[in-house]
Amino acid sequence: MELARDEEKALEGNCGEVLATAYRILVAIGEATGAKKLVPVKWAHVSGVNYNTIGDGGMRFLEKFSTSAKFAVKTTINPMGYDRSKPEGIPQNFQERQENIASSYERMGAKPSFTCTPYEVFDLPQKGTVVSFAESNAAVFSNSLLGLKTNKESALSALASSVTGKTPLSDLRLEQARNPKIAIESDFDFRTELGYGLLGYFAGKAVKDSCVALNSVNKLDTIQAKALCAAMGTSGTCGMFTFGGKAKEKISFGKKEAQAVMDELSTADDADIITLGSPQLGINELKLLAKLTETKKFTRRCIVFCSRTIYNSAVKIGLAGKIENSGADFRCDSCTCLTPYVTKDRYDAVITNSVKGAYYLYKSNKLKVALKDIKTIAEEYTQ
Amino acid sequence: VIISNCRRIVGGTGEGKTLVTSQPINFLATVNAKAGTITDPLHELYCKSVKGSVLVFPHTIGSSVGAYAIYSLKEYGNAPSAVVCSKADITTASGCALANIPVVDLPNGIPLSSLKQGLKARVEADARRIVVGFS
C-alpha cells in the first residue's frame, strides 16, 4: 500500500503517538485487504464500548489513547453494558469501569449514541459514501440496503479511521467485491424474522467471501432485514448480501439447514426471562410488539433493549407506555449481547428472537437459549 | 522447512510451537484473555492455551470487538508470539497491529494443513517467511 507523504509522516510518529498507532492499524488492515491507498471516510461507527467486551485491557488503552486523541470525523458509538438510569443489580465495579470507558469516548468527541443501529438513529449520507462501521450488523445493513461502502471493520480499525478520517480503499469499497460469487438458493418458508436470522447465520458460516447473493429473497421489511444482517455478521466474514445476482456457484438453504442452526443455538425450550433487542429495537419493532401485546401481560420478565433516541421517540408518541403496560421493561444504551443484566447467576436460560443474541448468550454468557420468533413469544408468554 | 512469499500483515519476528486449527476463531466470544485459552467446547482448540504459540488459523469470525480481545491477550501476557492466517482479516490485523504481534498470511496454494501441530516455528514477517521445524 502506498501512503501519501503526510500519512507516512504520521505513521513515523511525527504527529504524535495516537496518529502513529492509528496509521499502524490502517496499514495492517490495508495490507490484509490488499488496498493500494487510503481514502477519506465521512463517518466512523465504533464498537468496543461495553466493559464486558473490552475488559480492563481495553479500558486502560482507551483511557490513555483519549488523553490526546480527537475524532477527526463524525463518530458514533456502540451500546455499552447497561442503562445508567437503571443501575439496579449492576455491580458497582462494572458501573465504574463502564463510566470510565464512556468518558474516554466522549472525551475524544463521540456522539453518545450507544446504539448498534446507527442507521435508524442518525441522518444517512448519500449512497456510495465511504464509511467505516465496526458493528457488524450495521456494516451488513449499510452495504446491503443503504448503498454505503464499508468493510466489516473491527473496533480498532474503525477507531483508527475516526481519528485519522481515513480508511483503506479495498474489499467492499470496490465494486468487484460487491458482486457475489456464491448464491444461497432457498426453498425455506420464511414466515418470521427468526427464519431470516437463521438464513443470515447459515449464509455467513457457509460463505467465506465478503459478499453473498440471496437468490430467494426479494424484499425485506426492516425487522426481517435487521435479523438477517445481525446473524450474518455474527457467524462469518460476509459484510454484505445482494438480492439475487449472477453468481454461478450455489448453496442451498432449506428446512434441514435451518434446523441445523436451531440445533446449534436453541438449546432450551423455555426460560424465565425474555430479551428483545439485538440489534436494538426500532420504532417499527416497538409498534409490532405493542400490537402483539395489546391488553395482555407478559407471564415472564421481559427486557426490551433500544437506543435512548428511539426510546425517547417512543415515549413521545405513547408507544413506550403501551409496551410498559404489558409488563415489559425498557433498557436503553445497551443490548442483549454481553449485558450484565442477564447473567448465569440469575438465569439458566433466556428466550429471544435474535439469532445474534442467542449466539452471544450461549457462547459468552454460557446461558441456554430458547429461540422463538416475536409472534410466538407474544402468544406463548402473554395472557 | 521454509515457507516463503508469505504476505506481511504486521511486521516483526516471533517464535514458538505451532498451534494449528482449520476452524475460524471468534476472539470475543470464545477466548479467555486472562487465561489465554479457547473456551468454546465445539472448537478444535478447546482448553488449549495460545500463549507463546505460533497460532495458525484461517481467519476470525464474528464480533468486531475481537480486536480488543487480541490486544487483551497481550496485556495479560498470554498472547501468541506470532500469527499465521490463511487469509488475514481486519480483526486479526488491527488487533495484532496494536498488540505488536507479527502476522503473515500464507501464499496462494499453500494450505494451513501444511503446518503441522506442535512444531517449533519462527515467523519472520518482514522477510515474508515462516521457518518450521528448526532446532
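Every chain is numbered from 1 and lettered A, B, ... according to where its sequence line falls, protein lines coming before strand lines. Note that this is a predicted model, so its numbers are computed, not measured.
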Run the side chain to side chain contact (heavy atoms under 4.5 Å, CB included) test on B:D89 and A:T237 for me, step by step, so that the C-alpha distance in whole Å, both residues' side-chain angles and the decisive distance to 0.1 Å come before the verdict. CA-CA 9 Å; B:D89 56 280; A:T237 56; 5.7 Å; no

Name the region of B:L42, side chain, backbone, both or neither, that has any atom closer than 4.5 Å to a heavy atom of chain A. side chain

B:V65 and its side-chain contact (heavy atoms from CB on, under 4.5 Å) partner, picked from A:C337, A:S154, A:S47, A:S136: A:S47

Less than 4.5 Å apart, any side-chain heavy atom of B:N100 and any of A:R24? yes

Does A:Q176 CD have over 12 foreign heavy atoms under 6.0 Å away? no

Evaluate the side chain to side chain contact (heavy atoms under 4.5 Å, CB included) criterion for residues B:L98 and A:F65: first the C-alpha distance (whole Å), next the side-chain angles of each, then the deciding distance (0.1 Å), finally the verdict. CA-CA 12 Å; B:L98 185 64; A:F65 194 74; over 6 Å; no

Distance from A:I29 atom CD1 to B:I9 atom CD1, nearest 0.5 Å? 11.0 Å

Highest number of heavy-atom pairs under 4.5 Å with chain A among B:A93, B:P58, B:C85 belongs to B:A93

Would you indicate whether A:E17, at its atom CD, is surrounded by more than 12 heavy atoms from other residues, nucleotides or ligands within a distance under 6.0 Å? no

Can you measure from OG (B:S64) to NZ (A:K152) and round to the nearest 0.5 angstrom? 7.5 Å

Checking heavy atoms, do the side chain of A:L338, its backbone, both or neither come under 4.5 Å from chain B? side chain

Please flag which part of B:T39 lies under 4.5 Å from any non-hydrogen atom of chain A: side chain, backbone, both or neither. both

Mind checking whether B:N26 and A:K363 have side chains closer than 4.5 Å, heavy atoms only? no

Under 6.0 Å from the CG atom of B:N108, do we count more than 12 heavy atoms belonging to anything else shown? no

How many angstroms lie between atom CG of A:D171 and atom CD1 of B:I90, to the nearest 0.5 angstrom? 6.5 Å

Go through the steps for B:H59 and A:K208 under the test side chain to side chain contact (heavy atoms under 4.5 Å, CB included), then give the verdict. CA-CA 10 Å; B:H59 55 83; A:K208 306 283 176 265; 3.6 Å; yes

Looking at A:G48, A:G233, A:G236, which has the largest count of heavy-atom pairs under 4.5 Å with chain B? A:G236

With the side chain counted from C-beta on, respond yes when A:R60 and B:E75 share a heavy-atom pair under 4.5 Å apart, and no when they do not. yes

Using a 4.5 Å cut-off on heavy atoms from C-beta on, say whether the side chain of A:I54 contacts that of B:Y71. no

Only pairs of heavy atoms separated by less than 4.5 Å count here; which of A:A139, A:S157, A:G58, A:A155 has the most with chain B? A:A155

Heavy-atom proximity to chain A below 4.5 Å, by part of B:K74: neither

A:K205 portion near chain B, given a 4.5 angstrom heavy-atom threshold: neither

Where on B:T91 is there a heavy atom nearer than 4.5 Å to chain A: the side chain, the backbone, both, or neither? both

Could you state the interatomic distance from OH (B:Y68) to CG (A:L62), rounded to the nearest 0.5 Å? 3.5 Å

Interface check, chain A: of B:A29, B:A88, B:G11, most non-hydrogen pairs under 4.5 Å belong to B:A29

Partner chain B: residue of A:P168, A:S364, A:A32 with the largest heavy-atom pair count (under 4.5 Å): A:A32

Interatomic distance, A:E135 atom CD to B:S63 atom OG [nearest 0.5 angstrom]: 7.5 Å

